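Read through the structure below, which is laid out as C-alpha cells, and then see the notes.
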Amino acid sequence: MDLETRLKRLRFRAWHRGVKEADLMLGGFYDARSASWTEDQVAWFEDLMEEQDVDIMAWAMGTEPTPERWQGPMMDDLKSLDYVPISK
C-alpha cells in the first residue's frame, strides 16, 4: 500500500477510536505531527493503533509506565500533549 493511502487510513483510525478523549489525543497528534513523519514513524503509529485506547492514554499521560516497545522519540512527542485542544 502506498504511503498516501496508509496516512489516510491512519488519520481515520486516529480520529475514530470510539472514545472522545482518545480521538482528541490520537487524532490531534496525527494532525499536528504526521506531515513530517518518516516511513518508520508511520509504521510505529500504525502499530500503536493496534493497542487499546486506555493503555495508549495511560502511557501518554504518565499514569502507567510505557512498555519498552513504545519508548522513544515518538512516545515522548505523544506525551507532550501540546497538540490537544483545550477549551477555556
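Owing to the predicted nature of the structure, the values given are computational and were not obtained by experimental measurement.
- In this structure, the separation between CD on Gln41 and OG on Ser34 is 10.5 Å, given to the nearest 0.5 Å.
- With ring centers used as reference points, Trp15 lies 6.0 Å or more from Phe29.
- Side chains of Thr66 and Lys79 form a contact here, defined as non-hydrogen atoms less than 4.5 Å apart.
- Looking only at side-chain heavy atoms (C-beta outward), Val19 and Val54 stay at 4.5 Å or farther from each other.
- Of all the heavy atoms in Tyr83 and Gly28, the pair that sits closest is CD1-C, 3.5 Å.
- A donor-acceptor pair under 3.5 Å is absent between the side-chain atoms of Glu51 and the main chain of Leu48, judged by distance alone.
- Applying the salt bridge (charged side-chain N to carboxylate O under 4.0 Å, His left out) definition to pairs two or more places apart or across chains, those involving residues 16-30 are Arg17-Asp53.
- Distance CE/Met25 to CG/Leu81: 5.0 Å, rounded to 0.5 Å.
- Other residues, nucleotides and ligands contribute only 12 or fewer heavy atoms inside 6.0 Å of the CZ atom of Arg9.
- Residues satisfying the salt bridge (Lys or Arg N to Asp or Glu O under 4.0 Å) criterion with Lys8, sequence neighbours excluded, are Glu4.
- For the pair Ser80 (side chain) and Asp77 (backbone), a donor-acceptor distance under 3.5 Å is present.
- Applying the salt bridge (Lys or Arg N to Asp or Glu O under 4.0 Å) rule to Asp82 yields the partners Arg33; only residues at least two apart in sequence or on another chain are considered.
- The six-membered or imidazole ring of Trp44 lies away from that of Trp37, with a centre-to-centre distance of 6.0 Å or more.
- Looking at residues two or more places apart in sequence or on another chain, you find a salt bridge (Lys or Arg N to Asp or Glu O under 4.0 Å) between Arg6 and Glu39, Glu46.
- Under the 4.5 Å side-chain criterion, counting only non-hydrogen atoms from C-beta, Arg69 is in contact with Asp47.
- Taking the side-chain hydrogen bond (donor to acceptor under 3.5 Å, both in side chains) definition, one finds that Thr63 meets it with nothing, sequence neighbours left out.
- With hydrophobic clusters built from ILVMFWY side chains whose heavy atoms lie under 4.5 angstrom apart, Phe12 does not share a cluster with Met49.
- Within the 4.5 Å cutoff, no side-chain heavy atoms of Trp70 are placed close to those of Ile56.
- Here Arg11 contributes atom CZ and Asp31 contributes atom CG; the two are 4.5 Å apart, rounded to the nearest 0.5 Å.
- Looking at Glu64, its side chain never comes within 3.5 Å of a backbone N or O of Asp55 through a donor-acceptor pair.
- A donor-acceptor pair under 3.5 Å links the side-chain atoms of Tyr30 to the main chain of Leu7, judged by distance alone.
- Among residues two or more places apart in sequence or in another chain, the salt bridge (Lys or Arg N to Asp or Glu O under 4.0 Å) test is passed with Glu50 by Arg13.
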